[in-house]
Amino acid sequence: MTAFKSDFLRILSERGFIHQTSDDAGLDKLFATETVSAYIGFDPTASSLHAGGLIQIMLLYWLQQTGHRPVALMGGGTGMVGDPSFKDEARKLMTPETIETNIAGIKQVFANYLTFGDGPKDALMVNNADWLLPLNYLEFLRDVGQHFSVNRMLSFDSVKLRLDREQSLSFLEFNYMILQAYDFVELSKRHGVRLQMGGSDQWGNIINGIDLGHRMGTPQLFALTTPLLTTASGGKMGKSMTGAVWLNADMLSPYDFWQYWRNTEDADVGRFLKLYTALPLDEIARLTALGGAEINDAKKVLATEVAAMLHGRQAAEQSAETARKTFEEGVAADTLPTITVGHGQLGSGVGLLSIFVSAGLASSNGEARRHVQGGAVRINDQQVTDERRLLTEADLNADGAIKLSLGRKKHILLRPE
């Protein structure tokens with residue numbers, strides 16, 4: 001491990017963020033002697049990022065915390081093309097209206113991690129549509145395209161993967177790496193950006209930008225990538241049993257977000273505390289050393305600290321208290337996720353299986369039926385064995401709700417409107 005002198009790279013190294021850099025010594029010297037502007041690009045493929053992208057946001061967080069300027073680049077222009085990197089097929093093209101809506105949703109998250117403004121260390125949010133949409137195609141081919149070797153572009157792993165599988169790679173997608181490289185050059189010219197960061201799958205694209213900058217007269221540019229993370233059992237970060245772990249509260253409640261981190265595998269706790277929280281390393285070492293059942297205390301700290309950075313301390317602690325009441329006291333906390341049905345529906349009875357599907361606890365009636373048969377379904381903490389069970393007003397508890405549970409960790413309240 002390189003012994004970095006600059007605070008930013010030292011913190012990243014100690015916490016496990018660094019997979020590769022283009023020049024350890026040069027980048028360390030730059031951060032030790034200057035206020036550095038660095039950027040990460042975010043594709044607006046949905047109206048929220050998910051937990052898989054949180055490591056990149058934390059990079060920007062530590063950049064600002066150590067006295068440098070983070071730049072969050074929204075891919076409003078490149079989003080019209082789509083990043084082909086390591087994808088089996090082309091992404092569906094989005095309309096400008098969809099892209100604009102998605103960017104508006106994604107922006108909500110960044111204010112929780114970064115301070116934006118006009119100062120030398122204040123974060124910037126920019127959109128590459130500002131310089132990509134007005135481009136004149138022939139001028140772009142002449143001024144930028146001449147610097148790219150198709151032979152070299154064909155050698156990139158992200159391209160070879162598609163070609164080796166004999167899967168179509170459109171000219172539109174092939175242009176993506178040129179546009180991303182051009183972004184780096186434009187950000188260098190417009191905002192003095194010297195470093196691009198991203199996941200290790202972006203290495204080839206970032207190096208392209210460094211090479212293009214060299215040919216087009218920018219100062220020396222640099223690359224830094226993070227490891228592509230999976231859970232200890234090989235699962236993909238940002239995915240749960242019920243789908244993507246979204247960062248926007250309107251797409252995933254703070255409680256469900258808290259639960260995702262609470263359910264971290266034992267072997268991942270120390271690593272995730274370093275990557276996804278700002279806790280001091282000595283406190284992380286203490287939590288990681290907890291053994292046996294006490295590791296659950298470390299998981300609760302992890303869940304609360306990650307949720308506090310995203311949703312605020314109050315929402316995080318409320319989620320932790322809801323979980324404590326639900327799991328340790330066996331009561332139905334008011335802050336559990338809630339769905340509603342009409343009073344009339346409960347009067348005539350609502351099928352348990354269909355309610356479990358509506359609540360997102362099962363993807364189909366068949367899956368819900370299997371959960372009942374497996375003994376995993378409870379109504380008001382009482383196990384259910386009858387898959388034809390109807391929910392009625394008689395099931396309402398003292399709080400006027402019905403608590404639905406799948407296993408020990410998934411609970412939802414059903415309330416009449």
Side-chain angles (χ1 to χ4, degrees), residues 1-43 53 55-64 66-73 75 78 83-86 124 126 128 144 147-149 151-160 176-229 275:
M1 181 185 296
T2 302
F4 292 108
K5 296 178 181 178
S6 62
D7 288 343
F8 177 61
L9 292 179
R10 177 178 50 78
I11 288 173
L12 292 197
S13 179
E14 291 172 345
R15 289 179 171 265
F17 282 94
I18 299 177
H19 175 72
Q20 196 171 5
T21 79
S22 56
D23 177 0
D24 278 4
L27 193 56
D28 195 31
K29 181 179 179 181
L30 181 70
F31 272 103
T33 56
E34 298 183 26
T35 299
V36 180
S37 295
Y39 91 98
I40 298 175
F42 297 89
D43 277 334
I55 188 172
Q56 307 303 331
I57 297 175
M58 289 301 295
L59 278 179
L60 296 178
Y61 168 83
W62 284 116
L63 186 73
Q64 189 165 52
T66 53
H68 303 281
R69 184 170 68 156
V71 179
L73 176 67
T78 45
D83 182 0
S85 299
F86 298 98
L124 293 177
V126 295
N128 64 13
V144 179
H147 299 303
F148 286 84
S149 163
N151 305 59
R152 186 164 179 270
M153 292 164 74
L154 289 171
S155 71
F156 289 157
D157 288 343
S158 57
V159 174
K160 286 174 64 178
Y176 184 90
M177 62 183 74
I178 300 178
L179 297 178
Q180 184 171 330
Y182 185 66
D183 282 345
F184 202 171
V185 173
E186 278 292 321
L187 287 170
S188 175
K189 291 179 177 178
R190 290 171 180 241
H191 302 293
V193 169
R194 300 290 300 277
L195 169 67
Q196 183 182 354
M197 302 182 289
S200 59
D201 60 332
Q202 293 297 318
W203 179 255
N205 287 334
I206 300 175
I207 294 300
N208 253 344
I210 293 175
D211 290 346
L212 181 62
H214 177 71
R215 295 171 187 273
M216 296 186 72
T218 67
Q220 178 62 54
L221 304 179
F222 296 90
L224 186 154
T225 60
T226 59
L228 289 183
L229 289 183
L275 291 171

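Just so you know, residue 1 is the first one in the sequence shown, and it goes up from there. Just so we're clear, the structure is a prediction, and the values are computed from it rather than from any experiment.
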Any donor-acceptor pair under 3.5 Å linking the side chain of T33 with the backbone of K29?
-> yes
Show your working on side-chain contact (heavy atoms from CB on, under 4.5 Å) between L212 and F148 and close with a plain yes or no.
-> CA-CA 8 Å; L212 181 62; F148 286 84; 4.0 Å; yes
Could you go step by step and tell me if Q180 and T78 meet the side-chain hydrogen bond (donor to acceptor under 3.5 Å, both in side chains) rule?
-> CA-CA 8 Å; Q180 184 171 330; T78 45; over 6 Å; no
Close side-chain approach of Y39 to H191, heavy-atom, < 4.5 Å = no
Separation between CG of D24 and CG of L224, rounded to the nearest 0.5 Å | 8.5 Å
Measure the shortest side-chain to side-chain distance between L275 and M58 over non-hydrogen atoms and say whether it is less than 4.5 angstrom.
-> no
Rounded to the nearest 0.5 Å, the CG atom of L27 sits from the OG atom of S6 at a distance of 7.0 Å
Heavy-atom pair with the smallest gap, counting every atom of D28 and A3 | OD2-O, 4.5 Å
Output for pair (L195 CG, F31 CZ), nearest 0.5 Å, gives 5.0 Å
Working to the nearest 0.5 Å, report the span between CZ of F42 and CD1 of I57.
-> 5.5 Å
Is there side-chain contact between L60 and M197, with heavy atoms separated by less than 4.5 Å?
-> yes
Roughly how far, to the nearest 0.5 Å, is the CD1 atom of I178 from the NE2 atom of H147?
-> 11.5 Å
Start with the C-alpha gap between N128 and L179, add the side-chain angles, then the distance that decides, and say whether side-chain contact (heavy atoms from CB on, under 4.5 Å) holds.
-> CA-CA 9 Å; N128 64 13; L179 297 178; over 6 Å; no
Are any non-hydrogen side-chain atoms of I11 and F17 less than 4.5 angstrom apart?
-> no
Test applied, side chain to side chain contact (heavy atoms under 4.5 Å, CB included); reference residue, L73; option that passes from I40, V126, V193 | V126
Quick one: CD1 on I207 to CD1 on I210, what's the gap to the nearest 0.5 Å?
-> 4.0 Å
Between N205 and Q196, does a side-chain contact (heavy atoms from CB on, under 4.5 Å) hold up when you go through it step by step?
-> CA-CA 10 Å; N205 287 334; Q196 183 182 354; 5.8 Å; no
Measure across A38 and L63 and return the closest heavy-atom pair with its distance rounded to 0.1 Å.
-> CB-CD2, 3.7 Å
Side chains of F184 and T218: closer than 4.5 Å at any heavy-atom pair?
-> no
Is a side-chain N or O of H19 found less than 3.5 angstrom from the main chain of T225, in a donor-acceptor match?
-> no
Judged by atom type as modelled, is there a donor-acceptor pair below 3.5 Å linking the side chain of R194 to the main-chain atoms of Q220?
-> yes
F8 and H68 have their tightest heavy-atom pair at CB-CD2, 4.3 Å
